[in-house]
Each structure stands twice: as structure tokens, then as C-alpha cells.
Engineer: 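Pasting in a structure now, in C-alpha cells, and then I'll have a few things to ask.
For clarity, every value in this text was computed on a predicted model and none was experimentally measured.
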Protein chains: 2
Amino acid sequence: MKNVTIKDIAKLAGVSRGTVDRVINNRGNVSKMVEEKVIRIANELGYEKNIIASRLASTKVYKIAVVLPSPESDLFWAIPKEGILSALNLVKYYRIKVEFLEYNISSSEEFSFQVTKAIKCKPDAILMAPLFLKESEELINTGEQEKIPFLTINSELNHNNILSYTGQSSYHSGYLAGKLFDINLQHDDEVIVLNLAHEISNAPHYTDKVKGLIDYFKEHKTKHINVSWYEFDDFLNGEVLLKRFKETQKKHPEMKGIFFTNSRAYRLLDLLEKEEIEKYKIIGFDMIEQNLKYLKNGIIDFIINQNPFNQGYNGLMNFVNHFIHNKEIKKQEYLPLDIVVKENVDFYYK
Amino acid sequence: MKNVTIKDIAKLAGVSRGTVDRVINNRGNVSKMVEEKVIRIANELGYEKNIIASRLASTKVYKIAVVLPSPESDLFWAIPKEGILSALNLVKYYRIKVEFLEYNISSSEEFSFQVTKAIKCKPDAILMAPLFLKESEELINTGEQEKIPFLTINSELNHNNILSYTGQSSYHSGYLAGKLFDINLQHDDEVIVLNLAHEISNAPHYTDKVKGLIDYFKEHKTKHINVSWYEFDDFLNGEVLLKRFKETQKKHPEMKGIFFTNSRAYRLLDLLEKEEIEKYKIIGFDMIEQNLKYLKNGIIDFIINQNPFNQGYNGLMNFVNHFIHNKEIKKQEYLPLDIVVKENVDFYYK
DNA sequence: AAAAAAATTGTGCGCGTGCAAAATTATTTA
DNA sequence: TAAATAATTTTGCACGCGCACAATTTTTTT
């Protein structure tokens with residue numbers, strides 16, 4: 001079962017390897033008759049290009065720009081980068097050049113700046129997390145004019161210049177949180193959603209989570225659990241944050257569950273006494289070190305893991321599959337909604 | 001930043017490529033002086049072998065025998081095979097030959113027969129699920145004499161002829177089940193462990209699960225939950241199975257939780273009426289089609305997913321990393337203990 | 001119809017490594 | 001010390017494909 005090579009095709013078609021090469025790679029300058037014949041024979045033999053030989057011989061260097069928040073500004077983002085590097089390691093000799101560009105997670109200006117810079121690199125594609133909705137759309141349009149497609153991770157966005165999305169379904173992660181509260185709460189308890197984010201954002205990956213949570217309790221009314229939500233935008237200021245939380249407590253005496261919509265649960269928990277907070281069922285996102293502390297001491301009950309490693313890994317593999325292997329890639333690849341508790345936390349990618 | 005090649009080393013060392021090649025690959029017939037010089041220069045330059053060029057040029061075909069239960073005898077095993085094929089697809093042109101050998105999951109004789117056959121193929125390694133403890137140990141010994149190392153998935157076994165284990169920690173999956181029961185059960189409820197397996201087995205991947213579950217409740221006594229366990233070995237006979245379950249029910253009036261230690265929950269559930277069974281909290285393993293039905297209609301509450309796809313994928317990648325990339329591979333790679341509920345089931349590998 | 005231009009096809013080298021045969025150098029034997 | 005043997009090193013082809021350039025054929029122009 002030797003693999004079919006262009007040499008085999010050339011011999012059968014009665015032409016030279018060069019001609020077969022031109023047909024296979026659409027380099028033109030081949031007469032219609034010959035082209036058809038070569039294609040027919042290639043199909044008959046079930047020819048598949050030997051990618052490693054191809055990449056070895058080719059001088060073309062594929063270029064991808066990766067634009068992600070800096071781990072310094074948000075710890076979560078260290079892991080997707082590891083995923084990217086790990087994928088890269090698998091395809092080390094494919095002549096792929098990666099340009100890493102980082103921005104402060106709170107700065108939409110820096111985000112725009114770096115994506116613009118990425119576009120100027122004229123890469124084959126840009127892999128990014130489009131955290132800022134409005135800016136992202138504009139930038140993706142700009143990219144489209146320059147014929148630079150995008151691959152996205154973490155937050156979903158619709159645009160026909162986006163080749164793929166790898167990440168969770170925000171809606172369903174909220175819905176799942178509903179289920180987890182439902183198991184753990186009592187009749188007439190109340191769930192409060194806290195969004196600790198700088199811009200009071202209408203980013204879909206936030207609103208969809210809330211929608212999912214609310215929908216869950218619309219569909220499951222046996223316990224009469226009520227949901228309210230708040231945005232704390234100046235969460236970096238401990239005093240203000242604490243004050244706003246106290247107000248919320250007062251306003252919602254039946255509050256028994258707290259749902260943090262992102263990885264910043266620890267920001268509030270750092271400010272509270274254990275006794276005061278352990279009466280709440282708490283669900284947050286992301287297995288970053290600061291949150292794990294609270295998961296392990298029983299303050300956070302569930303963490304929903306967003307598979308940051310695979311976001312990076314699969315994101316880059318999508319690039320490879322699309323550009324190098326010429327494979328169809330899925331427009332949406334929804335990653336699992338991992339339920340992380342104290343008892344299984346050690347087995348997830350730390 | 002061009003990559004360093006043997007040519008570069010050869011030039012700097014003042015020898016030919018062939019000599020460098022012999023040093024790099026320990027082919028001998030090189031004088032000590034030259035060898036040391038080449039090694040020194042290679043290290044200085046940070047030489048890394050270009051694997052794709054290497055595999056392209058080499059005539060050596062790596063051979064791996066894969067011995068797994070047939071999907072016909074146990075559906076679970078369709079997925080690890082998919083994982084293996086998927087990994088294989090990534091390294092398609094590395095000249096790896098895979099010999100798939102299947103056995104009926106209930107037959108230790110067939111297992112031994114196929115592993116013996118695998119050894120006779122004289123592969124570079126054997127990837128298998130050592131479901132039968134005693135037989136496995138003997139076979140691994142035989143393999144050791146023939147210098148054939150093993151890679152294992154799914155059930156853990158200690159032997160120094162085993163290069164790696166990829167799968168869950170059975171103990172912790174039982175422990176996790178304890179936690180899940182604890183959340184969902186009441187004071188003085190009882191949990192029954194059901195092991196539906198042919199041989200009343202002392203296989204560690206069964207006993208460890210029970211141990212984990214029991215330990216959980218040893219450490220968490222607030223609800224006074226009691227645990228008992230039973231082996232149903234003739235589970236294929238519906239009548240007998242049902243009878244034995246009824247007996248168990250009678251014997252344990254406080255039974256409120258049922259823990260199935262493997263993927264065969266559906267075998268019993270198929271025999272019971274919905275009304276009769278929905279009062280129990282049920283935890284089982286593996287996202288096979290027949291179980292998913294019961295997860296989706298609310299009869300099974302939790303499925304612990306064993307990542308069958310990754311068992312296969314990582315198992316094969318371990319082979320590649322060890323033999324082709326010459327990388328250290330971990331002796332134990334514990335996969336996540338995924339908690340699957342109705343609300344997140346669609347996002348796990350079906 | 002010859003020359004020029006255009007279109008098509010063929011050839012050879014290189015990517016980085018493996019491998020075996022040939023060539024060179026060092027060592028032993030007679 | 002020459003010949004034989006052993007040890008070491010070099011050389012060249014191969015893997016399958018990309019690519020630049022050469023060679024050939026066809027078409028157009030004069």
C-alpha cells in the first residue's frame with residue numbers, strides 16, 4: 001500500500017512531474033486537456049499530498065498574528081498562549097511564523113492598536129479574542145479589505161470574515177450555572193449575578209450567560225428561584241467594590257447564590273471574611289490560581305472551566321488545518337462546559 | 001533565525017554530514033575525539049533534528065499494535081479508536097504502521113490470544129487496555145522478554161515494562177461520585193454500588209472506585225450516608241438481573257443513590273419503569289448512546305466521562321513522542337473527571 | 001514561410017535527513 | 001616495510017514535493 005506520489009501520476013498521465021505539480025497546486029499554464037487528465041488520474045489513484053514533504057520543499061512561510069490580552073492584565077490568558085505554543089510544537093517544521101501581540105485586557109484602545117498592528121504585518125490570518133465588540137467588528141472589516149481572515153477564540157462573534165470560533169457557548173454556560181444553583185439552593189432562594197468588568201458591556205459573552213441563567217429558571221420553577229444582576233465596573237477599587245456588595249446584600253436578603261460571570265470572583269472574595277461568605281453558593285469561571293484557592297477551601301462551590309488551553313490549541317490547529325492541510329474547518333467549535341469542584345480540580349489542566 | 005542543520009554542524013566541526021549523522025543517531029563507528037567535538041558543537045548551536053525531514057528520509061517503519069475490546073462487545077470502545085485514528089491522521093506521513101486487534105470485552109481468553117498475537121507481530125510497542133489484571137501482568141512480562149514495551153489506557157497497572165498510562169484515577173472518580181451524591185442526597189440516605197461485570201473482579205479500576213466513594217463518606221459524615229456494594233455478574237440475563245435488583249431494594253429500604261461502576265447502567269435501567277427508578281439519584285460512567293438516553297430524560301443524574309477519545313489520542317501521541325520525537329513521556333497521565341449532566345452533555349465529545 | 005512571441009511542458013536542484021557503498025586513514029600482521 | 005585488515009570518514013542517492021529555468025511546441029506576427 002505505497003502512497004501515491006506525483007511521480008506515479010506523472011508516469012500514468014504521460015507528462016512530467018512539473019506539470020502534475022502545476023495542476024495539483026493550480027499554478028496555471030497547463031492545457032485544459034492535460035489538466036483534466038491529470039486530475040482524473042489523481043482522483044482515480046486517490047492521491048493525497050504528502051504534507052511533510054511539501055512543507056519541507058516549500059519556501060512559503062505561513063504567518064499568523066495572535067492578538068490576546070496579556071497575562072499580566074488577566075491571568076486567564078496565560079493558558080491559551082500555552083495551548084498555542086503546544087500546538088505550534090507539533091507543527092514545528094511546517095514553516096509557520098507566529099507574531100504574538102498583547103494588550104491590556106481593560107483597554108479597548110490598546111486592543112485596536114494591536115490588531116491594527118497585526119493587520120500591518122500582512123499575515124495569512126489573525127487569531128484573536130474579540131473582547132471588544134464594536135472595535136472588533138470594525139477591525140475585522142479592515143482585515144477583510146486586506147484579505148486577512150480571522151480566527152476567534154473565547155468570545156463569539158458573527159462575521160463572514162471569521163473562519164472559526166473556538167470556545168464555549170456563553171448561553172449554555174449560564175444555563176448550566178442555573179442547573180448547579182438549582183441542585184444546591186432551597187425554595188425561594190435568590191441568585192445574584194455579578195459582572196465585574198470595566199466597561200458596562202453589552203458584550204454577548206456576558207449578556208448571553210445571564211440569558212442562559214434566567215432561561216434555566218424560567219423552565220424550572222419548582223423552587224421559585226429569582227435572579228437579579230449587577231455590574232460592578234470599578235471592581236479594582238476594593239472599598240467601592242465592598243460597599244456596592246454590601247448594598248446588594250441589604251437589598252437582597254434572600255440572596256443565597258452568587259454567579260460571577262467571569263474569572264474575577266476572587267476580587268470580591270478577597271475582601272470578605274470566610275464566615276460571611278461561606279453561606280453562599282458561589283459559581284464562577286476559570287481555574288486561575290486565585291480562584292482555585294477559594295474552590296479548595298470550599299468558598300467557591302463550582303467553577304465552570306472554559307478550556308483555555310484548548311482554545312489556544314484548537315485555534316492554532318484550525319489555522320494549520322485550513323491553510324496547510326486545506327481542510328474544511330468548523331465555523332463554530334463549542335468546547336465543553338467543564339464543571340469543576342474541589343474533588344476533580346486536580347485533574348484539569350492547571 | 002534559520003534552524004540549525006547537520007550541515008551547519010558538519011561545517012563547523014570540519015567533518016562530513018555522514019559523520020554528524022552517526023553521532024546524532026548513535027550509529028557508532030566514530031572516533032571519540034570527533035564524537036565529542038560534534039556533540040559539543042551540536043549543543044552549542046542548539047541543534048534539533050528536523051523530524052519531518054527525518055521521517056521522510058528514513059526507511060524505518062514504526063509499528064504499534066493496538067489491542068482493545070471490540071466496540072461490538074462494548075460500545076464505549078468505539079471512541080478510543082476514533083481518538084487513535086485522529087492522532088494517526090496528524091502524523092500520517094511519519095511511517096507508522098498500526099495493527100488493530102480486537103477482543104470480546106468479556107473474554108479473558110480472547111484478550112490473551114490477541115495480545116499474544118500482538119507480541120508475535122514484533123511491534124515497537126503495544127497499546128492496550130489491560131482489563132484483565134492477572135493475564136495482563138503475564139503478557140506484559142512476556143512482552144518484556146521480547147523487548148516490547150506497553151502503553152496502557154483506561155485501567156491503571158503498575159509494571160516497569162509499561163511506558164505510560166493514560167486514563168482516569170479510578171479512586172478519585174469514586175471519590176467524586178461521593179461528592180455528587182452528597183450534594184443530592186438527604187440525611188441517612190443509602191448509596192448502593194452496582195458492579196455489572198462478568199468476572200467478579202478484583203480489578204483495581206473497580207475496587208478503587210468503591211474505595212474512593214467510601215472514603216468520601218468517611219471524610220464527610222454530616223449526612224450519615226451509608227454505602228453498600230454488590231456485584232451482578234450475570235447482568236446479560238434480564239430476568240436474573242431484575243430479580244437481584246429487587247432483592248437489593250428490599251434489603252436496603254433507604255437506598256436513594258445508585259452508583260454504577262462502569263458504562264452498563266442502561267442494562268438495568270432498560271428493565272425498570274420510569275416511575276420506579278426516578279426516585280433514585282443515579283451516577284454512572286461513560287457517554288455511550290444508551291446511557292445518554294437516560295441522562296437526557298432525567299433518570300441518570302450524573303455521568304462521569306472518562307474521556308475515551310483522549311485516551312486513544314493521547315495514548316498514540318505518547319507512542320509518537322517516545323519513539324519518534326524521543327521525548328520523555330509521563331508514566332501517568334490522569335485525564336479529567338468530567339461531570340456530565342443534561343445541561344452540558346451536548347458539548348462533550350459525543 | 002521564417003521569425004518572433006506566447007503557451008505549454010520538462011529538467012534539475014534543493015529542503016534536511018537516513019543510509020549504504022566507496023574512499024580514506026589507522027592499525028595489525030607477516 | 002609492504003600487504004592485509006580494521007577503523008573511520010566521505011560521498012552520493014533517496015524520500016516527495018516546490019520552484020526556477022530550460023526546452024519544446026503552438027500560435028501569432030511580419
Side-chain angles (χ1 to χ4, degrees), chain A residues 1-39 41-42 45-62 91-97 323-326, chain B residues 1-39 41-42 45-62 91-97 323-326:
Chain A
M1 304 306 157
K2 192 183 142 287
N3 274 326
V4 182
T5 71
I6 46 170
K7 219 161 132 191
D8 302 328
I9 298 174
K11 193 188 275 178
L12 265 163
V15 296
S16 70
R17 292 167 15 248
T19 303
V20 176
D21 171 64
R22 251 166 276 128
V23 174
I24 300 283
N25 299 295
N26 303 310
R27 284 192 235 289
N29 297 323
V30 182
S31 69
K32 281 236 171 58
M33 279 237 320
V34 173
E35 179 171 10
E36 276 167 22
K37 190 173 180 186
V38 168
I39 289 177
I41 292 177
L45 297 184
Y47 172 77
E48 285 181 63
K49 189 191 287 190
N50 183 323
I51 298 291
I52 71 174
S54 166
R55 289 319 295 150
L56 185 62
S58 173
T59 52
K60 153 107 185 141
V61 175
Y62 285 92
V91 295
K92 211 190 311 197
Y93 297 101
Y94 281 20
R95 296 178 210 278
I96 296 174
K97 203 182 159 202
F323 285 95
I324 301 185
H325 291 116
N326 266 314
Chain B
M1 305 305 157
K2 191 182 142 292
N3 274 327
V4 182
T5 72
I6 47 171
K7 221 161 132 188
D8 302 329
I9 299 174
K11 193 187 273 177
L12 265 163
V15 295
S16 71
R17 293 167 15 246
T19 302
V20 176
D21 172 62
R22 248 167 289 121
V23 174
I24 301 281
N25 299 293
N26 301 309
R27 284 194 234 288
N29 297 323
V30 181
S31 69
K32 280 233 173 58
M33 280 237 322
V34 173
E35 180 171 5
E36 275 166 23
K37 189 172 183 188
V38 168
I39 289 177
I41 292 176
L45 297 184
Y47 171 76
E48 286 181 63
K49 189 191 288 191
N50 182 324
I51 299 291
I52 70 174
S54 166
R55 290 317 298 149
L56 184 62
S58 173
T59 52
K60 154 111 186 135
V61 175
Y62 285 92
V91 295
K92 210 187 322 196
Y93 297 101
Y94 280 21
R95 297 179 209 275
I96 296 174
K97 204 183 158 202
F323 286 95
I324 301 185
H325 291 115
N326 268 314

Engineer: Could you give the NZ-to-P distance, from A:Lys32 to C:dT9, as a whole number of Å?
Structural biologist: 12 Å
Engineer: Taking the side chain from B:Asn25 and the backbone from B:Asp21, do they hold a donor-acceptor pair closer than 3.5 Å?
Structural biologist: yes
Engineer: Mind checking B:Thr19 for me? I need base, sugar-phosphate or nothing, with any heavy atom below 4.0 Å counting as a touch.
Structural biologist: base
Engineer: Tell me: CD1 of A:Ile9 to P of C:dG10, nearest whole Å?
Structural biologist: 14 Å
Engineer: How long is the line joining CD1 of B:Ile6 and C1' of D:dG12, in whole Å?
Structural biologist: 13 Å
Engineer: When you measure from the side-chain N and O atoms of A:Thr59 to the phosphate of C:dC15, is any distance below 4.0 Å, counting only OP1 and OP2?
Structural biologist: no
Engineer: Using 30° and 60° as the class boundaries, would you call the ring planes of A:Tyr94 and A:His325 parallel, tilted or perpendicular?
Structural biologist: perpendicular
Engineer: Write down the distance between CZ (B:Arg95) and C1' (C:dC19), rounded to a whole number of angstrom.
Structural biologist: 13 Å
Engineer: Measure from CG on B:Asn50 to C1' on D:dG16 and round the result to the nearest Å.
Structural biologist: 14 Å
Engineer: Mind checking if A:Asp21 touches a base, just sugar-phosphate, or nothing, with heavy atoms under 4.0 Å?
Structural biologist: base
Engineer: Would you tell me if any nitrogen or oxygen in the side chain of B:Tyr94 comes within less than 4.0 Å of OP1 or OP2 on D:dC15?
Structural biologist: no
Engineer: Report the nucleotide, chosen from C:dC19, D:dC17, D:dG18, that has the shortest atom-to-atom distance to any side-chain atom of B:Lys60.
Structural biologist: C:dC19
Engineer: Which distance, rounded to the nearest 0.5 Å, do you find between the CG of B:Leu45 and the CG of B:Asn3?
Structural biologist: 11.5 Å
Engineer: How would you label the contact of B:Asn29 with the nucleic acid (heavy atoms, under 4.0 Å): base, sugar-phosphate, or nothing?
Structural biologist: base
Engineer: Report the distance from atom CG of A:Asn26 to atom P of D:dC19, rounded to the nearest whole Å.
Structural biologist: 13 Å
Engineer: Which nucleotide sits closest to the side chain of A:Leu56: D:dT9, C:dC15, C:dG12?
Structural biologist: C:dC15
Engineer: Would you say the side chain of B:Arg17 and the base of D:dT9 hold a donor-acceptor pair, judged only by whether the two atoms sit under 3.5 Å apart?
Structural biologist: no
Engineer: With nearest nucleotide decided by heavy atoms, which residue, B:Val30 or A:Val4, maps closer to the 5′ end of DNA chain D?
Structural biologist: B:Val30
Engineer: According to a strict under-4.0 Å criterion, is A:Asn25 in side-chain N/O contact with OP1 or OP2 of D:dC17?
Structural biologist: no
Engineer: Look at the side-chain N and O atoms of A:Ser31 and state whether any lies under 4.0 Å from the OP1 or OP2 oxygen of C:dT8.
Structural biologist: no
Engineer: Is there a donor-acceptor pair under 3.5 Å between the side chain of A:Arg95 and the backbone N or O of A:Tyr62?
Structural biologist: no
Engineer: Taking the minimum atom-to-atom distance to the side chain of A:Ala57, which one of C:dG16, D:dG16, D:dT9 wins?
Structural biologist: D:dG16
Engineer: Rounding to an integer number of Å, can you tell me how far B:Arg22 CZ sits from C:dA20 P?
Structural biologist: 12 Å
Engineer: Does the structure place the NZ or CZ of A:Lys49 under 6.0 Å from the centre of the six-membered ring of A:Tyr47, at an angle of no more than 45° from the ring's axis?
Structural biologist: no
Engineer: What is the distance from atom OG of B:Ser31 to atom CE of B:Met33, rounded to the nearest 0.5 Å?
Structural biologist: 6.5 Å
Engineer: For B:Arg55, answer base if it contacts any base atom (sugar-phosphate contacts may also be present), sugar-phosphate if it contacts only those atoms, and nothing otherwise; contact means non-hydrogen atoms under 4.0 Å.
Structural biologist: nothing
Engineer: Between C:dG18, D:dC17, D:dT10, spot the one nearest the side chain of B:Ser58, thanks.
Structural biologist: C:dG18
Engineer: Nearest-Å distance, CD1 (B:Ile52) to P (D:dC17)?
Structural biologist: 13 Å
